[in-house]
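Worksheet: one structure, shown below.
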Number of protein chains: 2
Amino acid sequence: MKLKKYLNVLKRTKLFSGIGEDEILGMLSCLQAKKLELKKGDYVYRAGEHLSCVPLLVEGRLHIQKDDFWGNRSIINVIGVGELFGESYIAPDSGPLLNDVVAAEDSVVICLDANRVITTCSNACRFHQMVVQNLFYEVSERNRRLVQKLGHMAQRTTREKLISYLSEQSQKHKSASFEIPLNRQQLADFLSVDRSAMSNELCKMRDEGLLTFNKNSFELL
Amino acid sequence: MKLKKYLNVLKRTKLFSGIGEDEILGMLSCLQAKKLELKKGDYVYRAGEHLSCVPLLVEGRLHIQKDDFWGNRSIINVIGVGELFGESYIAPDSGPLLNDVVAAEDSVVICLDANRVITTCSNACRFHQMVVQNLFYEVSERNRRLVQKLGHMAQRTTREKLISYLSEQSQKHKSASFEIPLNRQQLADFLSVDRSAMSNELCKMRDEGLLTFNKNSFELL
DNA sequence: CACCTTTTGTTGTAAATGCAACAGACTTGT
DNA sequence: ACAAGTCTGTTGCATTTACAACAAAAGGTG
C-alpha cells in the first residue's frame, strides 16, 4: 500500500485516536482502505449517490455543498485534514447523499469499507471496538458543530451572522486573530447571504473599529 | 420500577430496535434508568449544564431552543416521543450544553446513565452492543436531519423557507396534507423569521392557490 | 355568558437584503 | 511584461424583511 505516507495524519485523527501506528496499518487493510486523489474542483460525490464506504480526508480541503435549481450555492460544511465526512450515511436506511462533496483544493481521500467499520471483526483487530467508539464520538462532534452553524444561520442580519461566525472561529483558534478557510464568495455561500452585501457589512464593521482583516486573515478588536 | 407502562413506547424506539421487551426491562436497570416528569414550559436542561445521562422522551414533546441576549428565540429542533436528545453530549470532551431543552407539552423523560450506555458491560446484557450501534445510527439520523434543516435555513426568502419546510413535512408524512407540531410563533422561531411577516406570506401563498391551511393542518396543492 | 388569555391575521414604515453592474487589486499562465 | 481571469470592494435600486401596533378569532375559566 502507498498509505504509509499518510500515517502521520492518520494517527492524529479522531477516528484512530488511542491507536498505535502499527495497529493503524493493520486496520487499514482490514478495513479495505482505498486511496482517492482529487484535483481542485473535482466532485468527490454527488447528491443522490449511495455511500458504501467511510471517506477520510488526509490531504487538502473539501466542501459539502448544494446548488439549487437557480444556481444558488450553499456551503453546508468545510472538511479539513483528518476529518471524516459522510459518516452519517453508514446507517443501513440512510438513503442517498443530500449534498455534493467537492474538492476545494487538490485533495487525497482514504475510503474505508462501511460494513467492516461498524461490524467488529473476529480476527486480530483488537482495536476495532475502539474505532467504533471513536466513530460515535466523531459523529457526535459533527452534530454539535452543525448545531453551532444553525446558531449562525438563525441570526437575522448579515452583521450578526458574521459576528457569530467570526466569534466561533476566534474561539476555535483560541486567538483574536486567525485565518478562515473561505474566501469572500465562499463565506457568503456558507452564511447564506449576498456576497456584495456581506463585503459591504465587513467594511462597515472595520470602519467602526470592531475588527480588521486582510484577505482571509481576521482580527477581532 | 414504574417504567413498565412505557414499554410499548420503548420497544418502538430506534435505540432499542431489535431488542425484546424482557431484555429492555433488564437493560433499563443495568443502565440505571430514571424517570423525569415535566409540566409544559418546564426546562429539562439549560444551556451551560453538563450532561451525565442520555435522555429519552417517552411522552410529550420537547423543544431544543436558545434565547439570545435580546430575547430572540430560535427553536433548533423538535423532539418527539421515542427520540433521544443530547446523545451528542455523551462524548467525554463535548463540553456543556449549548441550548435549552424545554417541554412544549407535559412530558416524561427516561434518563440512562451515559457511561453505562457506551461502555459495553461484562454482565448479562447480551444486547448492549446492539444498543451502541443503534445509538450511532440515531446520532447519524439526527445529523442528516440537521443538514436538512440547514437546507431550509439557507433559503433566502420567507416563502422559500416555508416551501422547503412544508415540502419536507409532506414527504415525511407521505401525504400532501399533514399536521405540523408547531404553532405560528414556534414555526417562525424554527425558521428564524418574523412571525407576522411569515403569517403574511402564508396567506399570500394560500391566495395564490399554492396551499391551504387551518391551524396546524396544511395541504399542498 | 362575560372576561381574560392566547393565537392568528393585517397594515404601515424604517431598515436590511438581494441583485446587477462596475472598478481596482491581485493571480496566473504564457 | 502582457493578457486573461479571479477576487474584492463600491454604489444604486427594487424587493423583502423586521418591528410595532392593532384587530379579529379561538380557547379557557369562573
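In what follows, chains carry the letters A, B, and so on, assigned in the order in which the sequence lines appear, proteins first and then strands, with residues in each chain numbered from 1.
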Of all the choices, dG9(D), dG9(C), dT11(D), which nucleotide is nearest to the side chain of Asn200(A) once you look at every atom?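 Selected nucleotide (nearest to the side chain): dT11(D).
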Side-chain donor-acceptor contact under 3.5 Å, Glu59(A) with Ser107(A):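 No donor-acceptor contact under 3.5 Å links the two side chains.
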Any side-chain donor near an acceptor of the partner, Gln185(A) and Asp189(A), under 3.5 Å: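 Result is yes, a qualifying pair exists.
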Atom pair CD (Glu105(B)) and NE2 (His63(B)), whose distance is rounded to the nearest 0.5 Å: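 Glu105(B) CD to His63(B) NE2: 8.0 Å, rounded to 0.5 Å.
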What's the spacing between Lys149(B) NZ and Leu146(A) CG if we round to 0.5 Å?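 One finds 12.0 Å between NZ of Lys149(B) and CG of Leu146(A).
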Could you identify which residues of residues 188-197 of chain A place a heavy atom less than 4.0 Å from some atom of DNA chain D, listed by residue number, or say none?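 Those residues whose heavy atoms fall under 4.0 Å from DNA chain D, taken from residues 188-197 of chain A in numerical order, are Arg195(A), Ser196(A).
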Take the protein atom [atom1] of [X] and the nucleotide atom [atom2] of [N], then report the distance between them rounded to whole Å.
X: Gln155(A); N: dT17(D); atom1: CD; atom2: C1'; answer: 16 Å
X: Leu187(B); N: dT8(C); atom1: CG; atom2: C1'; answer: 13 Å
X: Glu160(B); N: dT17(C); atom1: CD; atom2: C1'; answer: 13 Å
X: Asn72(B); N: dT17(D); atom1: CG; atom2: P; answer: 17 Å
X: Glu201(B); N: dG9(C); atom1: CD; atom2: C1'; answer: 14 Å
X: Lys40(A); N: dG5(D); atom1: NZ; atom2: P; answer: 16 Å
X: Gln185(B); N: dT5(C); atom1: CD; atom2: C1'; answer: 15 Å
X: Lys161(A); N: dA16(C); atom1: NZ; atom2: P; answer: 14 Å

Using a 6.0 Å cut-off, check whether atom NZ of Lys11(A) has over 12 heavy atoms from anything other than its own residue.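 Enclosed: over 12 neighbouring heavy atoms sit under 6.0 Å from NZ of Lys11(A).
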When you measure from the side chain of Arg12(A) to the backbone of Gly82(A), do you find a donor-acceptor pair of N or O atoms at a distance under 3.5 Å?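 Pair absent, no side-chain N/O of Arg12(A) close to backbone of Gly82(A).
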Under 3.5 Å: donor-acceptor pair, side chain of Lys14(B), backbone of Leu84(B):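 Between the backbone of Leu84(B) and the side chain of Lys14(B) there is no qualifying donor-acceptor contact (under 3.5 Å).
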Which of residues 212-221 of chain A sit near DNA chain C, with a heavy atom under 4.0 Å from it?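 Nothing qualifies; none.
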Given dA16(C), is OP1 or OP2 found less than 4.0 Å from the side-chain N or O atoms of Arg159(A)?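 Result: no.
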Tell me which donor-acceptor pairs under 3.5 Å the side chains of residues 36-49 of chain B have, and how far apart each pair is, sequence neighbours excluded?
from     : atom 1 : to       : atom 2 : distance (Å)
Glu37(B) : OE2    : Lys35(B) : NZ     : 3.4
Asp42(B) : OD2    : Lys39(B) : N      : 2.8
Glu49(B) : OE2    : Arg46(B) : N      : 3.1

Note down the inter-axis angle between the two ends of the helix from dC1(C)-dG30(D) to dT30(C)-dA1(D), five pairs each, to the nearest 10°.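 Overall, the helix from dC1(C)-dG30(D) to dT30(C)-dA1(D) bends by 50° from one end axis to the other.
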Do you know the tightest heavy-atom contact between [X] and [Y]?
X: Gly60(A); Y: Val81(A); result: O-CG2, 3.5 Å
X: Ser217(B); Y: Glu179(B); result: OG-OE2, 3.1 Å
X: Glu138(A); Y: Leu15(A); result: OE1-N, 3.6 Å

Decide yes or no for Phe213(B) and Cys203(B): does some side-chain heavy atom of the first lie under 4.5 Å from some side-chain heavy atom of the second?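 They are in contact (side-chain heavy atoms under 4.5 Å apart), so the answer is yes.
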Output yes when Glu208(B) and Arg159(B) qualify as a salt bridge under the 4.0 Å nitrogen-oxygen rule, no when they do not.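 Yes.
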For nucleotides 13-16 of chain D, list the nitrogen or oxygen atoms of the protein found under 3.5 Å from its nitrogen or oxygen atoms, one pair per line.
none

Just to verify, what does Glu168(B) make a side chain to side chain donor-acceptor pair (under 3.5 Å) with, not counting sequence neighbours?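 So Glu168(B) forms a side chain to side chain donor-acceptor pair (under 3.5 Å) with His152(B).
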